[in-house]
J.: 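First the structure, which I've put down as structure tokens, then a few questions once you've had a look.
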Amino acid sequence: MSSIRRRFLSAALFLSILVFCCACGNEPAEKQAAPGSSHYEPGKTRVLVPEADGAVTAGSDPLILDFSHADQGYFSGTLTEPGKKVNIQLTGPDNIIYKYFLDTADVCTTFPFTAGDGDYLVLAFENIGNDQYASLFSYSLSVQLENEFLPFLYPNQYVFFNDKSAAVQLASEITAECATDLDALQVIYEYVTGHITYDDEKAATVETGYLPDIDETLRTGTGICFDYAALTAAMLRSLSIPARLEIGYSSNVRHAWIDVFIESVGWVEHAVEFNGKEWKLMDPTFAAAAGNNEEINEYIGDGGNYTLQYIR
């Protein structure tokens, strides 16, 4: 095995997941450049704001879904009746069933079309007691994204942030001198892992449906995997660096990682990952050279040891 590959295999990466919340805005979302174009500008944040203007909707009380901006990579849902709980199931061209839950009335929440272009089926269910659900409605649509990056730049239920978030302001400050997106990735990784302490007690007691608060994570300086994941992904996205938060297994071990779009390389798989024990960052020097090195490209693109379950 070559020294380059050994160094790559020894320098893995970070992450983990699970449920956060996003409020929809009313101001127009700023469009991103086409795939492959330059997005990142040192220290400049650009937060895309989801819209739910009612042009294309499905359902009625107690749940209304808004598909008006599907080409931007998301749809929105609002629970209209207090005391209700609903389950939204989304199946796209990757044939993965994504399950989302809403239990707070009058909050507009955003969900991503992470599988990209193609046909989607949305099923909605209402909780009728304990773990039992009754069907509300179904809705089918075909999605054509304005560009592939959008589902991984907007905030959503799992990665929530807005232009007032302390994490967004921090991302701007600590990357002000970063000339490239690769530099920014390294600075953000070093900040998060250097300032956030893993909370073992919280990890042992966290309940299903937990929604991380990225600014609370910054304030307390503690968190669990979900908190690390949400914070890192939000900071990257706020800098116009597309980031896919992925959940699955490495062999039979639960695993999570972030794929990042690097302008000089393209999509870099497992740029940051959490292996259940430690956080690791890919060696950015090798990634920067990947465009002209077939061996590195082969490693970056090799997902044979990973089983993907969900993209957030």
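Computed over heavy atoms, backbone and side chain alike; hydrogens, waters and symmetry mates excluded. All residue numbers in this chain count up from 1 along the given sequence.
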J.: Kindly indicate whether the side chain of N156, heavy atoms from C-beta on, has any atom under 4.5 Å from the side chain of F111.
T.: no
J.: Can any side-chain N or O of R237 pair as donor or acceptor with the backbone N or O of F152 at less than 3.5 Å?
T.: yes
J.: Please identify each residue that fulfils salt bridge (Lys or Arg N to Asp or Glu O under 4.0 Å) with K85, with sequence neighbours left out.
T.: none
J.: Can V47 and V168 be said to form a side chain to side chain contact (heavy atoms under 4.5 Å, CB included), step by step?
T.: CA-CA 8 Å; V47 177; V168 172; 3.9 Å; yes
J.: Please give me the minimum heavy-atom distance between Y40 and C178, naming the atom from each residue.
T.: OH-O, 3.0 Å
J.: So, the side chain of D215 versus the backbone of A166: is there a donor-acceptor pair under 3.5 Å, distance only?
T.: yes
J.: Check the pair L136 / V86 against side chain to side chain contact (heavy atoms under 4.5 Å, CB included), numbers first and verdict last.
T.: CA-CA 9 Å; L136 285 173; V86 297; 4.1 Å; yes
J.: Given V260 and I241, is the side chain to side chain contact (heavy atoms under 4.5 Å, CB included) satisfied, shown in steps?
T.: CA-CA 7 Å; V260 179; I241 301 175; 3.5 Å; yes
J.: Spell out, as yes or no, whether a donor-acceptor pair under 3.5 Å connects the side chain of S76 to the backbone of C108.
T.: no
J.: Listed by chain and number, what are the side chain to side chain donor-acceptor pair (under 3.5 Å) partners of Q132, not counting sequence neighbours?
T.: none
J.: Could I get the full list of salt bridge (Lys or Arg N to Asp or Glu O under 4.0 Å) partners for E190, not counting sequence neighbours?
T.: none
J.: Do you know which two heavy atoms are closest between W267 and D259, and how far apart they sit?
T.: CZ3-O, 3.6 Å
J.: Is it the case that atom CD1 in I97 sees more than 12 heavy atoms from other parts of the structure closer than 6.0 Å?
T.: no
J.: If you look at every heavy atom in L65 and G77, which pair is closest and at what distance?
T.: CD2-CA, 3.6 Å
J.: Quick one: pull up CD in E41 and OG in S172 and give me the separation to the nearest 0.5 Å.
T.: 11.0 Å
J.: Can you pull the ring pair (Phe, Tyr, Trp, His ring centres under 6.0 Å) pairs that have at least one residue in residues 117-142, sequence neighbours excluded?
T.: F67-Y139, F113-Y120
J.: Check for me whether the distance between the ring centres of F149 and F261 falls short of 6.0 Å.
T.: yes
J.: Hey, are the side chains of L123 and I88 touching, using non-hydrogen atoms and a 4.5 Å cut-off?
T.: no
J.: Does T220 have any side chain to side chain donor-acceptor pair (under 3.5 Å) partners at least two apart in sequence or in another chain, and if so, which?
T.: T222
J.: For A167 and I214, which heavy atoms make the closest approach, and how far apart are they?
T.: CB-CD1, 3.6 Å
J.: Looking only at atom types and distance, does a side-chain atom of E146 sit under 3.5 Å from a main-chain N or O of G73, one as donor and one as acceptor?
T.: no
J.: Within a strict 4.5 Å, meaning less than it, do heavy atoms of the L239 and T175 side chains meet?
T.: yes
J.: For residues 53-64, which side-chain donor-acceptor pairs fall under 3.5 Å, sequence neighbours excluded?
T.:
from	atom 1	to	atom 2	distance (Å)
D53	OD1	A55	N	3.3
D53	OD1	S68	OG	3.1
D53	OD2	H69	NE2	2.8
D61	OD1	T80	OG1	2.7

J.: Taking all non-hydrogen atoms of both residues, which atom of L145 and which atom of G116 are closest, and how far apart?
T.: CD1-CA, 3.7 Å
J.: Does D119 have any side chain to side chain contact (heavy atoms under 4.5 Å, CB included) partners at least two apart in sequence or in another chain, and if so, which?
T.: S142
J.: Going by side chain to side chain contact (heavy atoms under 4.5 Å, CB included), name the residues that satisfy it together with I174, two or more places apart in sequence or in a different chain.
T.: L170, V187, I188, Y191, M235
J.: Distance check, rounded to the nearest 0.5 Å: L150 atom CG versus L48 atom CG?
T.: 7.0 Å
J.: Once salt bridge (Lys or Arg N to Asp or Glu O under 4.0 Å) is applied, do any residues pair with E216, and if so which ones, sequence neighbours excluded?
T.: R219
J.: Could you grab the distance from atom OH of Y198 to atom OG1 of T193, nearest 0.5 Å is fine?
T.: 15.0 Å
J.: Measuring from atom OG of S238 to atom CG of N162, what distance do you get when rounded to the nearest 0.5 angstrom?
T.: 11.0 Å
J.: Please check this pair: side chain of S165 against backbone of F161, looking for a donor-acceptor N/O pair closer than 3.5 Å.
T.: no
J.: Working to the nearest 0.5 Å, report the span between OG1 of T110 and CD of Q72.
T.: 12.0 Å
J.: Please identify each residue that fulfils side chain to side chain contact (heavy atoms under 4.5 Å, CB included) with T217, with sequence neighbours left out.
T.: I196, D227, L231
J.: Does the side chain of F101 reach to within under 4.5 Å of the side chain of T109, using non-hydrogen atoms?
T.: no
J.: If you take all heavy atoms of A52 and D66, which pair is closest and at what distance?
T.: C-OD2, 3.4 Å
J.: What residues form a side chain to side chain donor-acceptor pair (under 3.5 Å) with D199, not counting sequence neighbours?
T.: none
J.: Quick one: pull up OG1 in T91 and NZ in K99 and give me the separation to the nearest 0.5 Å.
T.: 9.5 Å
J.: Holding to side chain to side chain contact (heavy atoms under 4.5 Å, CB included), I want the full list of residues that pass it with T180, two or more places apart in sequence or in another chain.
T.: L182, D183
